[in-house]
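In what follows, a single structure is set out as structure tokens and then discussed.
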Number of protein chains: 2
Amino acid sequence: MTNRDELGNSVLRSAARLTRWASRNASFDVPMAQARLLALIEELGPSRISSLAAADHCSQPTMSTQLQRLEAEGWAERIVDPADARASLISLTTAGRAALGRVRRARLQALSPAFDQLDAAAVARLQDAVDALDDLLVRAAAAADTVADAGARHTR
Amino acid sequence: MTNRDELGNSVLRSAARLTRWASRNASFDVPMAQARLLALIEELGPSRISSLAAADHCSQPTMSTQLQRLEAEGWAERIVDPADARASLISLTTAGRAALGRVRRARLQALSPAFDQLDAAAVARLQDAVDALDDLLVRAAAAADTVADAGARHTR
DNA sequence: CTAGATTACATAGGCAGCCTATGTAATGCC
DNA sequence: GGCATTACATAGGCTGCCTATGTAATCTAG
């Protein structure tokens, strides 16, 4: 048990450390959350605000304000959903796609000195690490949802 | 090229996702930064504020305020460094060590449903992932320091 | 066809976490 | 003794996230 407990703490600690380091050292003009949102919109295509919030695992108001920032930069635009006047469909502008490209390049530039030292085996190992983290997150999120559903059922 | 670039983005994205998920779902009473600081003080033993800031890769004012919160909770205490009246030596109180234990248990509880599903191979894979991330961070930080030093040399 | 529930989103207010710039007190050096 | 340096504190600001709540559009039951 101590074994797995220790591992759980290690995973979270290492992931958090790397993330914090990247956000400190990757000097992009674009804040993390905006960059994430740009990528998300690109991935999903025209989407509603609530869909984006669900996909990003954040609250709807948080997504609303983040989107307003993207719009202020001219990186995203919204059209009223023709099927439902309450909702809007969000998509990237040309400038938004360009900004996303800049962000990705800047982020890589911060990591590249480290990556340049890696041999093929280390690259493969990192690739496997990414898969392992993604897998863990999927399981954790699924388990949390199950718990939440069970809780909701109790309150009905 | 595209291969490594893609991997770089993947690593950062996956680590960030896991971290964000954990901070949302691990319902401990103690905020992330405080928890980190508790662990850091435990690891380093009596230390100066500036040392803690360096170890945590944050600024000295940030560490000052975080420490004030730990002190307010009664989890850390400081004594004036007998060798230098400007500095103080920070250490955990008994309550602080207890709080650290609670945090670790709470954090594990959030992850444990996911961990319970893992077989031995998956655990080993995660362990390797942690090592890979740590290694990457060490390389990245070292590379960044080298660049910083070179820059500093230029300004002299 | 209309009153109430529901849905989609916006706004308000608050807290964590981090930064830079700058002030203050102790120390070290010439 | 005077001046730079060092260790830390304070001020002010930004991102990023939350909950609570308001508003307008839509759906639904009667």
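From a predicted model like this one, the values you see are computed outputs, not experimental measurements. The chains referred to below are lettered A, B, ... by the order of the sequence lines, with proteins before strands, and numbering in each begins at 1.
- Residue A:M32 contributes atom CE, which lies 15 Å from atom C1' of D:dC14 at whole-angstrom precision.
- Residues A:A99 and A:L38 come closest through the heavy atom pair CB-CD1, 4.2 Å.
- In terms of heavy-atom proximity, B:F115 sits nearest to A:G8 at CZ-CA, 3.7 Å.
- Evaluation of atom-type donor-acceptor distances gives a pair under 3.5 Å for the side chain of B:Q60 against the base of D:dA9.
- Less than 4.0 Å separates DNA chain D from at least one heavy atom of each of the following residues of residues 73-89 of chain A: A:D84, A:A85, A:R86.
- A:Q66 has no side-chain polar atom (N or O) that falls below the 4.0 Å cut-off from OP1 or OP2 of D:dT15.
- In summary, of the residues considered (A:D131, A:D135, A:D134), a side chain to side chain donor-acceptor pair (under 3.5 Å) with B:S14 occurs for A:D134 alone.
- The interatomic distance linking B:R69 (CZ) with C:dA16 (C1') rounds to 6 Å, in whole Å.
- For the pair A:Q68 and C:dT11, the criterion of a side-chain N or O lying under 4.0 Å from OP1 or OP2 is met.
- If you measure from atom CD1 of B:I90 to atom P of D:dA7, you get 14 Å, rounded to the nearest angstrom.
- Rounded to whole Å, atom P of C:dT11 lies 10 Å from atom CD1 of A:I49.
- Heavy-atom distances to DNA chain D give each of B:T65 and A:P61 a nearest nucleotide, and the one nearer the 5′ end belongs to B:T65.
- One interatomic measurement links the two molecules: CZ of B:R17 to C1' of D:dC17, which rounds to 18 Å at whole-angstrom precision.
- One atom, CZ of A:R48, and another, P of D:dT26, lie 10 Å apart when rounded to the nearest Å.
- Computed from coordinates, the B:R36 CZ to C:dA16 P distance equals 14 Å when rounded to whole Å.
- With respect to A:D81 and A:R86, no salt bridge is recorded, no charged nitrogen being found less than 4.0 Å from a carboxylate O.
- In terms of position along DNA chain D, the nucleotide closest to B:M63 lies nearer the 5' end than the nucleotide closest to the other residue of the pair B:M63 and A:D56.
- Here the side chains of B:E71 and B:E77 are not in contact, with every heavy-atom distance at 4.5 Å or above.
- Note on A:S64: a side-chain N or O is less than 4.0 Å away from OP1 or OP2 of C:dA10.
- Residue B:S50 places at least one side-chain N or O closer than 4.0 Å to OP1 or OP2 of D:dC8.
- The nearest whole Å value for the distance from the CD atom in B:Q34 to the C1' atom in C:dC18 is 13 Å.
- Between the side chains of B:Q60 and B:S64, at least one donor-acceptor pair of N or O atoms lies under 3.5 Å.
- Remark: side-chain polar atoms of A:S51 are not paired, donor with acceptor, to backbone N or O of A:S47 under 3.5 angstrom.
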